[in-house]
Amino acid sequence: VIMADHESADATRLRERTGRLTQEGDIDDGLQWSTKEDAESTREDAASTRDAAASTREDAASTRDAAASTREDAASTRDAASTREDAASTRDAAASTRDDAASMRDAAASTRDAAASTKSTKGISHIIYQAMGAACMGLGGMVATLTMGYTSPALPSMRADPNFSITKEQESWIGAVMPACALLGSVAAGPLVDHLGRRATLLHLTWPLVSSWVIIAQSGGVGGVILGRMMGGACVGVQAAAGSVFIAETVELRLRNIMGFFPAFLGNLG
């Protein structure tokens with residue numbers, strides 16, 4: 001009986017141990033199943049996280065594309081604004097050009113009107129004024145030729161005058177000093193014409209020409225004659241240069257052939 005009780009107790013303990021082991025196995029199986037479910041859930045969460053990261057990257061790429069498109073739109077807008085400014089500048093330049101063209105047309109019309117008015121007022125009086133100017137230049141040419149030809153009749157009278165002493169060398173100086181001074185006078189005519197003007201320069205030649213003849217007339221020796229010849233030669237050079245410019249600027253082209261008669265005729269007469 002005792003042995004049976006021991007066996008029964010051992011069997012009971014064995015059953016209890018077996019039950020505990022079974023319960024522990026079930027718990028382990030439950031734990032393993034729960035762990036598997038957690039691992040699957042974790043994998044699903046990781047997959048969702050990867051999908052979310054991929055979607056985030058796609059959104060970031062879309063955002064970058066949108067930003068680039070926005071920058072391109074801004075650049076296009078700036079280019080369009082610059083184009084508008086260029087177009088406005090072009091329109092302003094075209095308007096200014098039109099204004100200038102209109103001003104030029106008005107000036108041309110005024111010039112034509114003034115030319116027509118001047119042409120209508122010229123008449124015979126204007127031709128007379130040109131003839132008077134040409135005749136004055138002819139008188140100047142006559143004075144110049146008188147100065148140049150003075151030595152031909154003057155030297156024999158000087159030799160014949162017992163009160164006037166002159167040598168061959170002095171005769172050559174009297175003849176040569178006038179052309180040399182005329183050369184210097186023609187060189188000085190340019191600045192005088194630019195500074196005083198054509199007509200004023202010719203008018204101011206009057207007193208030195210008169211003075212040269214007065215000095216020659218009142219001289220008692222060769223020195224006075226040479227001094228007068230020097231002054232006259234310088235005046236001849238200035239008159240030749242300034243007179244040609246004066247005639248060209250005051251006489252019309254269609255009348256120059258006719259008006260050229262006065263200087264030629266009076267010069268030969270002198």
Side-chain angles (χ1 to χ4, degrees), residues 128-251 255-270:
I128 292 174
Y129 293 148
Q130 295 183 60
M132 292 172 61
C136 291
M137 290 302 97
L139 291 174
M142 185 176 69
V143 172
T145 53
L146 284 172
T147 305
M148 288 186 285
Y150 167 75
T151 55
S152 178
L155 289 178
S157 64
M158 290 181 189
R159 298 191 200 101
D161 190 353
N163 298 322
F164 195 90
S165 177
I166 185 170
T167 63
K168 290 291 184 181
E169 184 178 359
Q170 291 171 342
E171 290 179 4
S172 64
W173 275 105
I174 291 174
V177 73
M178 194 282 298
C181 292
L183 177 61
L184 297 177
S186 63
V187 173
L192 289 174
V193 167
D194 291 336
H195 183 69
L196 299 177
R198 282 70 166 156
R199 190 165 65 95
T201 301
L202 293 170
L203 289 174
H204 285 301
L205 289 178
T206 304
W207 63 267
L209 275 171
V210 173
S211 300
S212 67
W213 287 109
V214 170
I215 291 173
I216 292 173
Q218 297 297 323
S219 65
V222 178
V225 176
I226 292 177
L227 179 60
R229 294 281 289 166
M230 291 175 64
M231 292 179 62
C235 293
V236 167
V238 175
Q239 189 274 337
S244 60
V245 177
F246 180 80
I247 287 290
E249 292 182 353
T250 56
V251 178
L255 298 175
R256 287 180 189 171
N257 291 332
I258 300 173
M259 299 302 175
F261 163 79
F262 294 100
F265 172 74
L266 294 175
N268 292 326
L269 182 63

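Listed by first then second residue, pairs satisfying salt bridge (charged side-chain N to carboxylate O under 4.0 Å, His left out) with a partner in residues 198-207 read R198-E249, not counting sequence neighbours. Listed by first and then second residue, the ring pair (Phe, Tyr, Trp, His ring centres under 6.0 Å) pairs that reach into residues 203-229 are Y150-W213, sequence neighbours excluded. Sorted by first and then second residue, the side-chain hydrogen bond (donor to acceptor under 3.5 Å, both in side chains) pairs with a member in residues 215-229 form an empty list; sequence neighbours excluded.
Taking CD1 from I174 and CE from M230, the interatomic distance works out to 13.0 Å, rounded to the nearest 0.5 Å. How far CG of L209 is from SG of C235: 4.0 Å, rounded to the nearest 0.5 Å.
Counting all heavy atoms, side chain and backbone alike, L202 lies closest to A242 at CD2-CB, 3.9 Å. Closest approach of G175 to P179, counting heavy atoms only: O-CD, 3.4 Å. When all heavy atoms of V225 and M158 are compared, the pair lying nearest together is CG1-CE, 3.8 Å. The shortest heavy-atom contact between L192 and T201 is O-OG1, 3.2 Å. Between S212 and G228, the shortest heavy-atom contact is CB-O, 3.2 Å. Here the shortest heavy-atom pairing between T206 and L203 reads OG1-O, 2.9 Å.
Under the rule for a side-chain contact (heavy atoms from CB on, under 4.5 Å), the partners of I215 that lie at least two apart in sequence or sit in another chain are L227, M231. The side-chain contact (heavy atoms from CB on, under 4.5 Å) check on S186 picks up L183, with sequence neighbours excluded.
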